[in-house]
Amino acid sequence: MRKREYDEDDVRVRPGKGSRPRTRIRPAHEDAVEGFVIAVDRGRYTCLVETEGRRKKDRERRTVTAMKARELGRKGIVVGDRVAIVGDVSGTADTLARVVRVEPRTSMLRRSADDTEDTDGIERPIVANAEQLIIVTALADPPPRPRMIDRILVAAFDAEIDPLLCLTKSDLAPPAELVSLYDPLGVPYVVVQKGGDLEELRDRLTGHVSVLVGHSGVGKSTLVNALVPDANRAVSHVNAVTGRGRHTSTSAVALELPEGGWIIDTPGVRSFGLAHVSVETVLAGFPDLAEGTVNCPKGCTHLGEGCALDAWVADGHADPARLESLRRLLASREGAPDTDD
Ligand SMILES: Nc1nc2c(ncn2[C@@H]2O[C@H](COP(=O)(O)OP(=O)(O)OP(=O)(O)O)[C@@H](O)[C@H]2O)c(=O)[nH]1
Ligand SMILES: [Zn+2]
């Protein structure tokens, strides 16, 4: 898959802005320390700061609360961002440092403003620099929602983050039927259950930054608690730092895995507005079909009716199941984020 470069301009409040010339040279902030944003709340950024050191005893970690320096303007900062911080970086209670720079991003998971707002293309960044998007879905209770999964897959395509299906509650139903739906897309999956073996999932998570998304009741908290033994403590610590009450966090929180790597829980993300995702972006995930669209009428939605992909597949150039999957993903972008089948 092609890799884009993400930079500070990637988080934009409104498309089409930013015509202001950038001639001002920012101060270098040579004394800045590096931080990893693990939580964001009302303009306060909780950053993990690690002091470099050759010997282990010289290395020290602390959480520093920071606000955005004015020079960053309206640029957004999200969980997963790597930032440069100046000011009081001691991490002592009641101190407030300043974020002066956001390092270039490798990925950006975003959603359009949801159905309660006007879907006029405003994008909401959710998490930066994630490598994997873990789609947590119960096999039963609540029943799987394929349209929701499709929508999250489209968001993953858009963000250029590798998706992984995590199928929970395998004690209640077998995975075969759901898995067959995602076979043509080549989406990897793991099957888990409460109290069961998490070896395979752990293997895939260790050393990486992964975002977890899933609807209420699918067992995401159960999973997070099993993966990060002190997850509750970590989350309430973050909430204490940001001044939120326990269990009220609605934005993303990064939790460190004991084996290394991070999982970013997104308790508040219940839907993905996809108005910002173009047909081309989805098609980019289907190189085997993209070639077949050269004969499509201008502005073809590829959903049927005059689309050249039907003939392309009929002529044996690509697998019909792939076309079906492409159309399912394209169609999943339409309609309100929360309607489901
Ligand atoms: N049978 C069965 N039940 C499970 C499994 N995993 C979780 N549950 C139950 O499913 C319910 C929901 O689990 P949670 O972990 O709270 O789900 P969640 O996705 O975090 O839901 P929210 O807290 O609403 O976001 C709880 O009663 C769990 O005990 C499983 O593998 N099998
Ligand atoms: Zn077409």
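Start at 1 and go down the list; that is how both ligands and their atoms are numbered. Quick caveat: nothing in here was measured; it's all calculated off a predicted structure.
- Polar contact with ligand 1: present for Lys220 (N/O pair, distance under 3.5 Å).
- Interface of His215 with ligand 1, defined as ligand atoms under 4.0 Å from a residue heavy atom, comprises 19 (O).
- Within the protein, the number of N/O/S atoms found under 2.8 Å from the Zn ion (ligand 2) is 4.
- Taking 4.0 Å as the cut-off, Gly217 counts as a neighbour of ligand 1 on heavy-atom distance.
- For ligand 1, the atoms sitting less than 4.0 Å from at least one non-hydrogen atom of Leu172 are 1 (N), numbered in the order shown with element in parentheses.
- Listed by atom number, the atoms of ligand 1 under 4.0 Å from Gln193 heavy atoms are 31 (O).
- Side-chain contact, His208 with Glu131: a donor N or O sits under 3.5 Å from an acceptor N or O.
- The closest donor-acceptor contact from the side chain of Asp158 to the backbone of Val154 lies at 3.5 Å or more, if one exists at all.
- The heavy-atom pair separating Val218 from Thr168 by the smallest distance is O-OG1, 2.6 Å.
- Ligand 1 has at least one atom lying under 4.0 Å from a heavy atom of Asp171.
- When every heavy atom of Ala140 is checked against every heavy atom of Lys169, the shortest pair comes out as O-CD, 3.5 Å.
- Remark: Gln193 CD is packed, more than 12 non-hydrogen atoms of other residues, nucleotides or ligands lying under 6.0 Å away.
- With rounding to the nearest 0.5 Å, the separation of CZ in Arg44 from CZ in Arg42 is 9.5 Å.
- When each of Val192, Val136, Leu139 is tested with Leu167 by the rule side-chain contact (heavy atoms from CB on, under 4.5 Å), just one qualifies, namely Leu139.
- Looking at Val218 next to ligand 1, an N or O pair under 3.5 Å apart turns up.
- Heavy-atom minimum distance, Ala130 versus Ile161: O-CG1, 3.7 Å.
- The residue from Leu212, Thr222, Val192, Leu139 that puts a heavy atom closest to atom 7 (C) of ligand 1 is Thr222.
- Near Ser221, meaning under 4.0 Å from any of its heavy atoms, are these atoms of ligand 1: 15 (O), 18 (P), 20 (O), 23 (O).
- Remark: Arg328 qualifies as a cation-pi partner of Tyr182 under the 6.0 Å distance and 45° angle criteria applied to the six-membered ring.
- Where the criterion is an N or O separation shorter than 3.5 Å, residue side chain and backbone included, Lys169 meets it with respect to ligand 1.
- With a 4.0 Å heavy-atom cut-off, ligand 1 is reached by no atom of Asp141.
- Pairing each heavy atom of Arg322 with each of Pro287, the nearest pair is NH2-CD, 4.4 Å.
- The aromatic rings of Phe157 and Phe286 sit tilted relative to each other, their planes meeting at an angle between 30° and 60°.
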